[in-house]
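Worksheet: one structure, shown below.
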Amino acid sequence: MPLLIAVTLMWAFSFSLIGVYLAGQVDAWFSVLMRVALATAIFLPFLKLRQIEIKVALALMVCGAFQLGIMYGFYYQSFLYLSVPEVLLFTVMTPIYITLLNDLLDRRINIGFIFSALLAVIGAITIRYQGIDEGFLKGLLIVQGANLCFAAGQVGYKRTMAKQRTDLPQRTVFGWFFIGALAVVIPCYLLLGNPDKLPTTTLQWSILAYLGLVASGIGYFAWNKGATQVSVGTLAVANNLLIPAGIAVNVIFWNRDADIFRLALGAAIILLALVVNDKFNQKIHRSKIS
């Protein structure tokens, strides 16, 4: 869990940096390509081709294609229709997708995990709600596409790594994750990108470098490694901690309007969901022991 919390704090700045400095100014697919390419460059030196089976490498590539490549395609487009707080708010469904996808793969429905995820959803919805406008529905659907891809990648990575030997250093195989994302992003940029909307300022290039090297490179490795160390329920709830953190950063540094009381109340409910999930896990553990 400490890894997930640390990455949450890191990613809290990403939403505002994209929404304020990149969205509508820099081509979305170029931004995605830069992020994924820089992140890939970090892990290529660690890649050991003979340390992993081909089918496992392909599985990690599929995880990266969904969690990073396809997800970013949806994610960056959403800022054209929604404000930063709205994008954050609409990621609220990710925990549900994580729980349901994992349960479907296990051919079961775990009520405890679903309850904790639903409680986290209630907390996120409490934070902010705005009436429907012209771009609301389209933006909402785009974010849900991103949520589904982000959830599928996390569940896939967690399940794939659970089958590997415990002493396998994840940094030596994580390059495959980014290679899978790059395999999606390169053709998308060539087909859909706008070469006339490249970064024009040092600030925009610096933000892309930060998002690629730190938020994507270090962030996704730490997040997915953390995902392998917690239960599915905890992973689901941890996804929604980003919502209050991201809105708080947006309010403090960019003076966006937000209801501070709702923010605090929603964050408290999300933290309660973590407590509920932890109690549920302890109950399961005790029942297995007995």
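For Leu9, there are no side chain to side chain contact (heavy atoms under 4.5 Å, CB included) partners at least two apart in sequence or on another chain. Partners of Leu105 under the side chain to side chain contact (heavy atoms under 4.5 Å, CB included) rule, at least two apart in sequence or in another chain, are Val155, Arg159.
Judged purely by distance below 3.5 Å, without hydrogens or angles, the side chains of Gln25 and Gln204 pair a donor atom with an acceptor atom.
Two residues are said to be in side-chain contact when any heavy atoms from C-beta on lie closer than 4.5 Å; Ile142 and Tyr81 meet this criterion. Annotation: side chain of Asn147 is in contact with side chain of Val143 (closest heavy-atom distance under 4.5 Å). For the pair Ile218/Val7, no side-chain contact is recorded, criterion being any heavy-atom separation below 4.5 Å from C-beta on. The closest side-chain heavy-atom distance from Val56 to Thr160 is below 4.5 Å. Two residues are said to be in side-chain contact when any heavy atoms from C-beta on lie closer than 4.5 Å; Ile186 and Leu33 meet this criterion. Side-chain contact between Gln67 and Asn224: present, with at least one pair of heavy atoms (C-beta onward) separated by less than 4.5 Å. A heavy-atom distance below 4.5 Å is not found between the side chains of Val87 and Ile18. Contact check for Leu198 versus Asp27: no side-chain heavy atoms found under the 4.5 Å cut-off.
Note: Gln164 CD to Glu53 CD = 7.0 Å, rounded to the nearest 0.5 Å. Atom CE of Met34 is separated from atom CG of Leu213 by 8.5 Å, given to the nearest 0.5 angstrom. Rounding to the nearest 0.5 angstrom, the gap separating the CG atom in Leu4 from the CD atom in Gln229 is 8.0 Å. Residue Ile70 holds its CD1 atom at 8.0 Å from SG of Cys188, rounded to the nearest 0.5 Å. Once rounded to the nearest 0.5 Å, the distance linking CZ of Phe66 with CG of Leu148 reads 10.0 Å. Rounded to the nearest 0.5 Å, atoms CG (Leu211) and CG (Leu17) are 6.0 Å apart.
Applying the side chain to side chain donor-acceptor pair (under 3.5 Å) definition to pairs two or more places apart or across chains, those involving residues 6-20 are Ser16-Asn250. Sequence neighbours left out, the pairs with a member in residues 32-42 that pass side chain to side chain donor-acceptor pair (under 3.5 Å) are Arg35-Tyr72, Arg35-Tyr76, Arg35-Ser216. For residues 198-219, the ring pair (Phe, Tyr, Trp, His ring centres under 6.0 Å) pairs, not counting sequence neighbours, are Phe30-Trp205.
Without hydrogens or angle criteria, Gln77 side chain to Gly73 main chain gives no donor-acceptor distance under 3.5 Å. Side chain of Lys158 to backbone of Val230: a donor-acceptor contact under 3.5 angstrom is found. Formation of a donor-acceptor pair under 3.5 Å by the Lys197 side chain with backbone atoms of Gly24 is found in this model.
Heavy atoms only, all atoms of each residue included: Pro199 and Leu208 are closest at CG-CD1, 3.5 Å. Residues Gly246 and Leu88 share a closest heavy-atom pair of C-CD1, 3.5 Å. For Ser31 against Val26, the heavy-atom pair with the smallest separation is OG-CG1, 3.5 Å.
Other residues, nucleotides and ligands contribute at most 12 non-hydrogen atoms within 6.0 Å of the CD1 atom of Ile54.
A ring-ring contact (aromatic ring centres under 6.0 Å, His included) with Phe15 holds for exactly one of Tyr75, Phe253, Tyr21; it is Tyr75.
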Enumerate donor-acceptor pairs with a distance under 3.5 Å from any side-chain N or O in residues 168-185 to protein atoms, sequence neighbours excluded.
residue	atom	partner	partner atom	Å
Gln170	OE1	Tyr157	OH	2.6
Gln170	NE2	Thr228	OG1	3.4
Thr172	OG1	Gln51	OE1	2.8
Thr172	OG1	Pro169	O	2.6

Exercise. Given the rule in the side-chain contact (heavy atoms from CB on, under 4.5 Å) test, do Trp223 and Gln154 qualify, once you have shown the distances and angles that lead to the verdict?
Worked result: CA-CA 9 Å; Trp223 182 270; Gln154 290 180 76; 2.7 Å; yes

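Under a hydrophobic clustering in which Ile, Leu, Val, Met, Phe, Trp and Tyr are joined whenever their side-chain heavy atoms come within less than 4.5 Å, directly or via other members, Leu3 and Leu241 fall into different clusters.
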